[in-house]
Amino acid sequence: MSRQAPMQLPRGRPRSFDVEAAVERAMDVFWSRGYHGTALPDLLRATKLSRGSLYAAFGDKHSLFLRALDRYVADALTRMDIELAPRREPVDGLRTFLAGYVDRTSGANGRRGCLLVATAMELAGQDAEVGRRVASFFKAMEARLADALSRARAAGKLADGVEPSSAARILVCFVEGLRVVGKTAPARMTSQATADALLDRFIR
């Protein structure tokens, strides 16, 4: 007696939209309006999804926000990995890193601000998952900067008495503070001069 092949159950309908593109569009909305200032209709318009599709793909507004924040963090860390790559001369990498923050805190970019800083101010003290992500990002940034400063010390480029981990923490506080000051549209020349002056305290 021949055995029948098991019946194949129909698969669910494949998603007909680009999930990552939807996350990026949602990220732009959260970036512009903040978490509490963003309503579901704002996200539906931006992503061009129906309510059912959005919930099926992402769960809820909070889950979509975490996904958008993860995307923002991943983009920032990728940028840092390029700027501070070990193959680069470490002081040049540090100058490139700081110049990038000057760019992002000047003009319209500066007035837009930083999604991570805005999120830290709005939610980090109230939302444990957000707080962990923000803290993890700052820790990852600090580790990358400490590594670059350690390589600068090994190359004889660090000033006497400068400890890489302490200098890295100072740089993290500086660049994130620069994002806040950038909301007031400071002169680019002033921001660049301040960044140069700080780094020059650390190097020979």
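Side-chain atoms are counted along with the backbone in the values below, which use heavy atoms only and exclude waters and symmetry mates.
Linking ILVMFWY residues whenever their side-chain heavy atoms come closer than 4.5 Å, directly or via other members, places L66 and L116 in the same cluster. In the hydrophobic clustering of ILVMFWY residues, with side-chain heavy atoms under 4.5 Å counting as a link, I82 and Y101 come out apart. Cluster membership for V19 and Y55, using ILVMFWY side-chain heavy atoms within less than 4.5 angstrom, is shared. Linking ILVMFWY side-chain heavy atoms closer than 4.5 Å, directly or via other members, places V130 and L115 in a single hydrophobic cluster.
Within the 3.5 Å criterion, the main-chain N or O of R132 finds no donor-acceptor partner in the side chain of S136. Looking at R144, its side chain does come within 3.5 Å of a backbone N or O of A140 through a donor-acceptor pair. Remark: the backbone N or O of A46 is paired with a side-chain donor or acceptor of R25 at under 3.5 angstrom. When atom types are taken as modelled, the side chain of S63 and the backbone of G59 share no donor-acceptor pair closer than 3.5 angstrom. Although no hydrogens or angles enter the test, the distance criterion places a donor-acceptor pair under 3.5 Å between the side chain of D42 and the main chain of A39. Under a 3.5 Å cut-off, the side chain of R204 and the backbone N or O of G156 do form a donor-acceptor pair. Without hydrogens or angle criteria, K183 side chain to R111 main chain gives a donor-acceptor distance under 3.5 Å.
Closest non-hydrogen pair, V162 versus R201, comes out as CG2-O, 4.1 Å. Shortest non-hydrogen contact noted between A146 and P164 is O-CB, 3.8 Å. For the pair A22 and L49, the tightest heavy-atom approach, listed with the atom from each and the gap, is CB-CD1, 4.4 Å. When all heavy atoms of R104 and F97 are compared, the closest pair comes out as NH2-O, 4.5 Å. When all heavy atoms of T38 and K61 are compared, the closest pair comes out as O-NZ, 2.6 Å. Nearest heavy atoms, A195 versus V102: CB-CG2, 4.2 Å.
For R51, the CZ atom counts as loosely surrounded, since its 6.0 Å shell holds 12 or fewer non-hydrogen atoms of other residues, nucleotides or ligands.
Residue S191 forms a side chain to side chain contact (heavy atoms under 4.5 Å, CB included) with just one option from V181, L98, L178, and that option is L178.
With contacts defined as side-chain heavy-atom distances shorter than 4.5 Å, the pair V91/L158 does not qualify. The closest side-chain heavy-atom distance from D103 to R188 is below 4.5 Å. At least one side-chain heavy atom of R88 sits under 4.5 Å from a side-chain heavy atom of T96.
A distance of 5.0 Å separates CD in E142 from CZ in R169, rounded to the nearest 0.5 Å.
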Tell me, with the steps shown, if Y72 and C114 meet side chain to side chain contact (heavy atoms under 4.5 Å, CB included). CA-CA 10 Å; Y72 187 89; C114 171; 3.3 Å; yes
Run the numbers on L40 and L54 for side chain to side chain contact (heavy atoms under 4.5 Å, CB included), then give the verdict. CA-CA 10 Å; L40 182 60; L54 187 142; 4.2 Å; yes
Give every donor-acceptor pair under 3.5 Å between a side-chain atom in residues 28-36 and any protein atom, sequence neighbours left out.
{"residue": "D28", "atom": "OD1", "partner": "R112", "partner atom": "NH2", "Å": "3.3"}
{"residue": "W31", "atom": "NE1", "partner": "G113", "partner atom": "O", "Å": "3.1"}
{"residue": "S32", "atom": "OG", "partner": "D28", "partner atom": "O", "Å": "3.0"}

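Applying the side-chain contact (heavy atoms from CB on, under 4.5 Å) test to A148 and every residue at least two apart in sequence or in another chain returns L84, L94, R151.
Here ring-ring contact (aromatic ring centres under 6.0 Å, His included) pairs that include residues 173-198, with residues two or more places apart or in two chains, number zero.
A salt bridge links R67 with E20: the closest approach of a Lys/Arg side-chain nitrogen to an acidic carboxylate oxygen falls below 4.0 angstrom. One finds a salt bridge joining D200 and R95 here, because a Lys/Arg side-chain nitrogen approaches an Asp/Glu carboxylate oxygen to under 4.0 Å.
Looking at T119 and R133, their side chains never bring a donor and an acceptor atom within 3.5 Å of each other.
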